[in-house]
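Beneath this line is the structure, given in C-alpha cells, with notes to follow.
Note that the coordinates shown come from a computational prediction; the quantities given were computed from them, not determined experimentally. Heavy atoms only: backbone and side chains are in, while hydrogens, waters and symmetry mates are out.
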Amino acid sequence: MFRPTSLTHLLAPSIASRRYLGTLVIAEHEGGSLTNSSLSSIEAARKFLTKDNSLSLLLAGSGPILQEAAANAASCHPSISQVLVADSDKFKNPLAEPWAKLVHLVQQKGEYSYIVAASNSFGKNILPRAAALLDVSPITDVVEISESKTFVRPIYAGNALCTVRYTGSDPCMLTIRTTSFPVGSTSSDSKTNPAPVHQVDLSNFSEDWSSRYVKQTTQDSERPDLGSARVVITGGRALKSAENFKMIEKLAEKLGAAVGATRAAVDAGYVPNELQVGQTGKIVAPELYMAFGVSGAIQHIAGMRDSKVIVAVNKDADAPIFQVADYGLVGDLFEIIPELLEKLPEKK
C-alpha cells in the first residue's frame, strides 16, 4: 500500500501542494541528455507503474548543462511524471557521499516505494551507500522483474539465475543490468506535454563527507561507446603487447565497432581498464561480439554471454570461449586479423 506524502519541505513552495507516489530513478546525464543506461533504468522502472504509482526522475549537477538535461528528460518518455533537479556544485562530480545523501533526502520527504539505478559504475557507486543510509538491503544486477517485489539476478558469474523476493521495508532499492532492459522506440515526439521540473530544496544539505574529487580521465575516440555499441571487437592476452592490440583497434575502425578487452589484457597494460569486458568490467550485449585471443574465462563470459551473435578466434581448439560462440575459428589471430583488414572495405 502506498502512502501519499507532501513534499513541502523538500521542494520549492510552488509545488508544495503536489503529492507523489511510486518509483524514483537515479539518472545520469552527459552533454545535456540522459545516458542510455538511465533510459534503460526508466524502462525497468515502468514495470512498477500502476494508476496510483508514478515515476520520478532525479538529476543532479550544476549549471546550464544540468538544466538542459532536465528539460530533455522531461520530454524523453511519457511515463515520467516529474523531474527532480538538485543544482549545486556539490554534485558537479559523481562522488558517492553527496549523491547518497541526496537520495536519502529525497526519500525522506518523497517516500518512494522503489528506487532504481543502472548497474554501472555510476549506479553501483551510489545506490549501496544510499541503501545503507536508508537501512535497507539493495538488490543488485537485476535482469528480470517478475512481480512487484520479485526479481531475477545472476549468480556464480552468470552461470545460474537466482529469483529473489524482497520482504524488507520501503524503499525497495535495485540496480538493473541495462542490457536486459533495452530502450524502446518511444521518442520525445510521443510526449506532447513535458513533465514538470522541480528544484530540490538543498538549504539544509550539509557538506560533511571526507572524500574529495581528484580527476577523471577519458579517452577521446570516435568509436561507439562500449556499453551501447552494436558491434564489439575484443582482444585478449594472446595479442602479447599494446602495439599488437592496435590491430584490434584498426579492425574496429573498419567495422564501426567498439573496442573491448579481457581483464588479462587490461592487467598487462595493453589498454586502459575502461575497456574491460566481464564480471568486474562492463556488461555488453551487442548484436555482434568478436573475440580474438580470448580464452573464455568464466568472469569474461559473464560480461558478454547475452550478445546476439558471438564469433571467436583462438588457436586453442579447447578454449572455453568456443562453448558459447555461435561461430568459431581455430587459427592464429596474427594471420587472421591482417587478412580481415585486407579484405574488409573501408568504413564509409
Side-chain angles (χ1 to χ4, degrees), residues 2 22-28 35-50 53 55-57 77 79 103 112-132 134 136-186 226-228 232 277-287 289 296-310 320 323-326:
F2 301 106
T23 303
L24 178 70
V25 173
I26 305 173
E28 185 181 13
T35 61
N36 287 333
S37 58
S38 293
L39 294 174
S40 292
S41 298
I42 294 172
E43 288 295 321
R46 291 179 62 199
K47 303 286 186 179
F48 304 123
L49 291 181
T50 64
N53 187 339
L55 194 158
S56 300
L57 213 62
H77 203 288
S79 299
V103 174
Y112 294 93
S113 296
Y114 301 91
I115 298 179
V116 181
S119 186
N120 57 8
S121 58
F122 176 77
K124 289 189 287 188
N125 188 36
I126 295 167
L127 192 119
R129 191 178 187 94
L134 292 167
V136 299
S137 297
I139 301 172
T140 59
D141 212 19
V142 170
V143 297
E144 181 183 338
I145 299 172
S146 301
E147 297 177 6
S148 60
K149 290 192 176 180
T150 302
F151 312 100
V152 178
R153 61 182 302 273
I155 57 175
Y156 302 126
N159 285 283
L161 295 175
C162 177
T163 299
V164 180
R165 180 179 295 277
Y166 182 75
T167 59
S169 58
D170 287 346
C172 174
M173 303 182 71
L174 57 148
T175 60
I176 59 98
R177 182 173 289 193
T178 56
T179 55
S180 298
F181 298 93
V183 179
S185 59
T186 304
L226 178 58
S228 57
V232 174
V277 174
Q279 185 179 16
T280 55
K282 291 186 177 179
I283 307 296
V284 300
E287 294 180 17
Y289 187 87
I298 188 172
Q299 292 84 358
H300 182 77
I301 298 297
M304 45 66 74
R305 70 187 313 151
D306 291 332
S307 303
K308 307 302 182 293
V309 177
I310 300 172
Q323 297 178 14
V324 297
D326 298 287

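Between Val277 and His300 the shortest side-chain heavy-atom distance falls below 4.5 Å. Side-chain contact between Tyr156 and Ile298 is absent, with no heavy-atom pair separated by less than 4.5 Å. Residues Ile26 and Val103 are in side-chain contact: their nearest non-hydrogen atoms beyond the backbone lie under 4.5 Å apart. Between Met173 and Leu24 there is no side-chain heavy-atom pair separated by less than 4.5 Å. Annotation: side chain of Ile176 is not in contact with side chain of Ser119 (no heavy-atom distance under 4.5 Å). Side-chain contact between Glu43 and His77: present, with at least one pair of heavy atoms (C-beta onward) separated by less than 4.5 Å. Side-chain atoms of Val116 and Phe48, non-hydrogen and from C-beta on, do get closer than 4.5 Å to each other. Counting only heavy atoms from C-beta outward, the side chains of Leu127 and Ile115 approach each other to under 4.5 Å.
Between Asp306 atom CG and Ile301 atom CD1 the span is 11.5 Å, to the nearest 0.5 Å. A distance of 9.0 Å separates OG1 in Thr140 from NZ in Lys124, rounded to the nearest 0.5 Å. To the nearest 0.5 Å, atoms CZ (Phe151) and SG (Cys172) are separated by 3.5 Å. Within the model, atoms CG of Leu55 and NZ of Lys47 stand 13.5 Å from one another, a figure rounded to the nearest 0.5 Å.
Between the side chain of Thr175 and the backbone N or O of Asp141, at least one donor-acceptor pair lies under 3.5 Å. Not one N or O on the side chain of Thr23 forms a donor-acceptor pair closer than 3.5 Å with the backbone of Tyr114.
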Which side-chain N or O atoms in residues 143-150 pair as donor and acceptor under 3.5 Å with protein atoms at least two apart or in another chain?
{"residue": "Lys149", "atom": "NZ", "partner": "Asp170", "partner atom": "OD1", "Å": "2.8"}
{"residue": "Thr150", "atom": "OG1", "partner": "Arg165", "partner atom": "NH1", "Å": "3.3"}
{"residue": "Thr150", "atom": "OG1", "partner": "Arg165", "partner atom": "NH2", "Å": "3.4"}

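With sequence neighbours left out, Thr35 forms a side-chain hydrogen bond (donor to acceptor under 3.5 Å, both in side chains) with Ser37, Ser38.
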Evaluate the criterion side chain to side chain contact (heavy atoms under 4.5 Å, CB included) for residue pair Glu28 and Asn120; output intermediate values, then yes/no. CA-CA 11 Å; Glu28 185 181 13; Asn120 57 8; 3.6 Å; yes

